[in-house]
Amino acid sequence: MPKKIFKIGVLTSGGDAPGMNAAIRSVVRTCAHYSIECVGIYRGYEGLIEGDFKAMEARSVSNIINHGGTILKSARSKEFRTIAGRQIAFEKMQEAEIDALVVIGGDGSFTGALIFNQEFGIPVIGIPGTIDNDIYGTDYTLGYDTALNTVVEVIDKIRDTASSHNRLFIVEVMGRDAGFIALNAGVGAGAEEILIPEEDLGLDRMLESLKRSKRSGKSSSIVVVSEGEKSGKSVFELAKFVEENLPEYETRVSVLGHMQRGGSPSCFDRVLASRMGVKAVELLLDGKSNLMVGIKNNKIETTELSKAIKGTHHIDKELIRVSDIMGV
Ligand code: F6P
């Protein structure tokens, strides 16, 4: 029989993402709904090791659903990667009588949660929060939709100046290992070319496509590049490469960077976070552990944390085809 849960701890870990606050709110309020205690843990696993806890009740999370970032703050803890660090974290949880954890973060955070469970038997449930959308077991991660909207809005603005000067813009977006942001925002913003880590079609193909664009009468172009793209060239080197090979193009670079992680979450992310938070708490109260809450075909579903960590969320090849056709 799993131990009865009286108090749940919630933390955010790894890169922050819009919608994390909405997920914290949902966890806290679901605990209140079931009359159990909830504790916010600051700075992810760092705060777990330091015992940096705060009791949270329904009113502690008023007016945060619309805010980006995370009120609990986030960190990537080196100490939690050591058995000694995790031992201290366990002791701090015992002292504070926290029975279980909801971990909002990416696969690195889930790996830590799983090891912690295996070593100390603490029930853990993961909620996928990362703008990269690169987690297996869910169609969408928290923050991804907001980041897409941010990127599209910015590229729309870049297009204004690109077309005024007849320039080619190379725009770098986030996505260390995955091209979800580049591909979807690229299609949404009408980019002429999109370079992603999952598809290395070679730079000659890009040059050919840009030549075709010029011939077909396009005066300005946008190339969206995912930061994890595999050509081996930085965006600045890419710009130089294009200018050397196609002197008819005047090229500029824009690296969007961390602004993609900020901002008020979209309605989609707020709703998703609310649904995931409810499910996470209910799973713990049902005696479940080592699961990630995800969404598939608009249904909340669960995946074993071990699979979520190891599996790959594949990009939609059909969207690559759509992008190619649109770039005609
Ligand atoms: O949140 C994921 C991500 O945005 C990656 O795309 C990016 O490479 C990374 O975070 C950068 O994060 P940081 O600057 O916090 O290390």
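Read the numbers this way: they start at 1 and go in the same order the structure lists the ligands and their atoms.
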The answer for which part of Gln260 has a heavy atom under 4.0 Å from ligand 1 is neither
Take Asn66 and Arg270 through the test side chain to side chain contact (heavy atoms under 4.5 Å, CB included) and record every step on the way to the result.
CA-CA 8 Å; Asn66 51 330; Arg270 298 179 197 194; 3.7 Å; yes
Should the heavy atoms of other residues, nucleotides or ligands under 6.0 Å from CD of Glu97 be counted, would the total exceed 12?
no
Atom 4 (O) of ligand 1 has as its nearest protein heavy atom Met174 SD, 2.8 Å
Can you tell me if Arg76 contacts ligand 1 (heavy atom of the residue under 4.0 Å from the ligand)? yes
protein heavy-atom neighbour closest to atom 14 (O) of ligand 1 works out as His258 NE2, 2.7 Å
query: Ignoring hydrogens and geometry, is there a side-chain-to-backbone donor-acceptor pair from Ser74 to Gly14 under 3.5 Å?
result: yes
With sequence neighbours left out, the residues meeting side chain to side chain contact (heavy atoms under 4.5 Å, CB included) with Val255 are Glu172, Val235, Phe236, Val253
For atom 1 (O) of ligand 1, the closest protein heavy atom turns out to be Arg261 NH1, 3.3 Å
Sequence neighbours excluded, the answer for ring-ring contact (aromatic ring centres under 6.0 Å, His included) partners of Phe116 is Phe80, Phe120
*Do any N/O atoms on Gly175 end up under 3.5 angstrom from N/O atoms on ligand 1?*
yes
Atom 2 (C) of ligand 1 has as its nearest protein heavy atom Asp132 OD2, 3.1 Å
message: Do the side chains of Lys214 and Glu250 get close enough for a salt bridge, i.e. N-O under 4.0 angstrom?
response: no
re atom 7 (C) of ligand 1, the protein heavy-atom contact at minimum distance is Glu227 OE2, 3.1 Å
